[in-house]
Amino acid sequence: MELYKENQLKVYNSLSKTKEEFKPLTDGYVGMYVCGPTVYSNAHLGNVRTFMFFDVVYRYLLHLGYKVRYVRNITDAGHLENDADEGEDRIAKKARLEEIEPMEVVQRYTVDFHDVLKNYNFLPPSIEPTATGHILEQIEMIKEIIEKGFGYEVNGSVYFDVLAYNKENHYGILSGRKVEDLIHNTRTLDGQSDKKNPQDFALWKKADERHIMRWPSPWSDGFPGWHLECSVMSTKYLGEQFDIHGGGMDLKFPHHECEIAQSKTCSGKNPVSYWMHTNMLLLNSQKMAKSTGNFILPNEILSGKNNILPKAFSASVVRFFNMQANYRSILDFSGDALEASEKGHTKLMEAVQLLANVKSGKTSTFDVLAWKKDCYAAMNDDFNTPILIAHLFDAVKVINLIKEDKASLTAEDLLLFTTVLYNFIFDVLGLMNENSQDNSEKINGVVALLIKLRKQARDNKDWALSDQIRDELIALGIQLKDGKDGTTFSLN
RNA sequence: GGUGUCUUGGCCGAGCGGUUAGGCAAUGGUUUGCAAAACCAUGUACAGCGGUUCAAAUCCGCUAGACACCUCCA
């Protein structure tokens, strides 16, 4: 039997602002769409926090036995700078600055993005569509919106008529806004707009002569508005209605609001059952953002080449750090916090390694079934990874007690225990045991030899020599650990 | 100005009406030739004020502070 049948997942829905029982539209199948990056620069750690959380959502859904179609787009056109209607296409701007082709920018940062995802052990989504690959579909959708009376053309550009939509619908339903309030509080923009009212957003923008990213359309040579691509691609690959739509909190308004308006205009239905939003990652108590320069790049953490952290950290530690906080909470990034996570991560992984050599006993002193239930309960409760990790440390304690002969598990329990632990650490959380991968055969052999020599010295009470071996190894980053059953080591 | 979220022990961070979250650090102990590492045990909290309740970190109100969105943003 599939695990999802015995695990009732609860999901916090941003739309209802409550935790709801998760019921897919089609039993056993889940459609999930997550707003991906705009590839006009490197994805920073704040961006990655969102993708990392949904990676865990994806992993857990798969673990539960759901068949998941996970769509995460790449925005490679149509994402405008400043005001969505007066600004300049982000990709095109970067290309002009760097004097390269727009698609060269797209390629460079897409490759970088994928490099980061690989380093951080992400599962690839089922489909990773691009905006430029769906210009035709976007034009079709604009036509449909115009036909239904919610889009209008002015000077070659097409806008969505928010006030018309709001008569029968609630524009602002997701972000808790009212159109009337928006009208009062919208800042006056300097550029003259073709729009009927400032809340309207662009579906298609006419490109001026210098604009290099452009496509022909019934209205003008131009490019699609940013909000459109997600409506188009989610509908195309997941249908008019699908289960989960994810993204960062900052996309709630206006991006997701616009998506709802566009999709609902075309299909007449609410497109998404569960809206999930991740909270922001802070650096120096401020939101990480490309525009302010307040950010750190994921690969800079791995290399240690940055001005923020005292040293390099592994991808798995960064994952662990992220998962120790709830995705709906603001998380403050700092070197101290990462270092604390690193130690906890090491403790966890060392216990996992110990587990491989643990022998079963006649009785079980630990209730493995109850523990397993707790682990699932944590994840079933809106993907509560911090609670899951707390339970994983219960397991660490048990493993260490077994090592000290103060606890035991029967063969059957030990197998279950190991399976569940591995499932959650590696399959669901996507952590990696880098330590074991780093130890090459040769290093293992050499250190084993030194341990042997040191043991001989110690047996002869030649403390000077044994301490020399120990101290010089530690200087090289190799930590010897004297235990009851001999000496082991770990690399720092 | 509008809207929303948040303020937990030395630090990070769960909990969201009654039971020890967890990690890091600290203290004591076990272990060790001495150490390191490891393990075991332990403490200090819920921004302030007021209210509801048998019971509040948890619900309500006010005050102070922080952050976010309202304009591109994961």
Any N or O donor-acceptor pair linking the side chain of [X] to the base of [N] at under 3.5 Å?
{"X": "A/R90", "N": "B/C72", "result": "yes"}
{"X": "A/D462", "N": "B/G33", "result": "no"}
{"X": "A/R470", "N": "B/C34", "result": "yes"}

pair A/L9-A/F383: side-chain heavy atoms closer than 4.5 Å: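 The answer is yes; the side chains approach within 4.5 Å.
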Span that lies between the [atom1] atom of [M] and that of [N], in whole angstrom:
{"N": "B/U20", "M": "B/U63", "atom1": "P", "result": "36 Å"}
{"N": "B/A25", "M": "B/A38", "atom1": "P", "result": "8 Å"}
{"N": "B/C6", "M": "B/C59", "atom1": "P", "result": "9 Å"}
{"N": "B/A14", "M": "B/C72", "atom1": "C1'", "result": "34 Å"}
{"N": "B/C11", "M": "B/A26", "atom1": "C1'", "result": "12 Å"}

Separation of [X] atom [atom1] from [N] atom [atom2], in whole Å?
{"X": "A/K287", "N": "B/C67", "atom1": "NZ", "atom2": "P", "answer": "13 Å"}
{"X": "A/E229", "N": "B/A74", "atom1": "CD", "atom2": "P", "answer": "11 Å"}
{"X": "A/M276", "N": "B/A74", "atom1": "CE", "atom2": "P", "answer": "19 Å"}
{"X": "A/L392", "N": "B/C24", "atom1": "CG", "atom2": "P", "answer": "14 Å"}
{"X": "A/M249", "N": "B/A68", "atom1": "CE", "atom2": "P", "answer": "12 Å"}

Verdict with reasoning, A/T110 to A/H114, per side chain to side chain contact (heavy atoms under 4.5 Å, CB included): CA-CA 6 Å; A/T110 302; A/H114 286 146; 3.6 Å; yes
Test: A/K311 and A/E342 ion pair at under 4.0 Å: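 Judged by the 4.0 Å cut-off on N to carboxylate O distance, A/K311 and A/E342 do form a salt bridge.
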Electrostatic pair A/R454:A/D467 at N-O distance under 4.0 angstrom: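 No.
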Ring centers of [X], [Y] separated by less than 6.0 Å:
{"X": "A/H256", "Y": "A/H227", "value": "no"}
{"X": "A/W371", "Y": "A/F417", "value": "yes"}
{"X": "A/F22", "Y": "A/Y274", "value": "yes"}
{"X": "A/F424", "Y": "A/Y376", "value": "yes"}

Aromatic stack A/W463/B/G33: centroid gap under 5.5 Å, interplanar angle under 30°: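 Here A/W463 meets both the 5.5 Å and the 30° conditions.
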A/R72 to A/F51, cation-pi by 6.0 Å centre distance and 45° axis angle: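 So A/R72 does make the cation-pi contact.
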With the criterion being N/O to N/O and under 3.5 Å, what pairs connect the protein with nucleotides 9-14 of chain B, and how long is each?
unit_1: B/G13; atom_1: OP1; unit_2: A/D332; atom_2: N; d: 3.2
unit_1: B/G13; atom_1: O2'; unit_2: A/Q324; atom_2: O; d: 3.2
unit_1: B/A14; atom_1: OP1; unit_2: A/N326; atom_2: N; d: 2.5
unit_1: B/A14; atom_1: OP1; unit_2: A/S329; atom_2: OG; d: 3.1

Whether A/Y237 and A/H134 hold their rings parallel, tilted or perpendicular, with breakpoints at 30° and 60°: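 Geometry flag for A/H134 against A/Y237: perpendicular rings.
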Checking base pairs now: Watson-Crick or wobble, both atom distances under 3.5 Å. What partners [N]?
{"N": "B/G65", "result": "B/C6"}
{"N": "B/A36", "result": "none"}
{"N": "B/A26", "result": "B/U42"}
{"N": "B/G17", "result": "none"}

Mind checking if [X] touches a base, just sugar-phosphate, or nothing, with heavy atoms under 4.0 Å?
{"X": "A/Q286", "result": "sugar-phosphate"}
{"X": "A/R328", "result": "nothing"}
{"X": "A/K461", "result": "nothing"}
{"X": "A/L281", "result": "base"}

A/K455, NZ: over 12 other non-hydrogen atoms inside 6.0 angstrom: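 It does not: A/K455 NZ has 12 such atoms or fewer within range.
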Between the protein and nucleotides 37-43 of chain B, which nitrogen or oxygen pairs are less than 3.5 angstrom apart?
unit_1: B/A38; atom_1: O2'; unit_2: A/K403; atom_2: NZ; d: 3.1
unit_1: B/C39; atom_1: OP1; unit_2: A/N400; atom_2: ND2; d: 3.2
unit_1: B/A41; atom_1: OP2; unit_2: A/K397; atom_2: NZ; d: 3.4

Candidates B/A74, B/C69, B/G22 - which lies nearest the side chain of A/T50: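 Closest nucleotide to the A/T50 side chain: B/A74.
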Of the listed nucleotides B/C24, B/A74, B/G33, the one nearest the side chain of A/K343: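 Of all the options, the side chain of A/K343 is nearest to B/C24.
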Pairwise 5' ranking along RNA chain B for A/H44 and A/F393, keeping only the more 5' one: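 It is A/F393, whose closest nucleotide lies nearer the 5' terminus.
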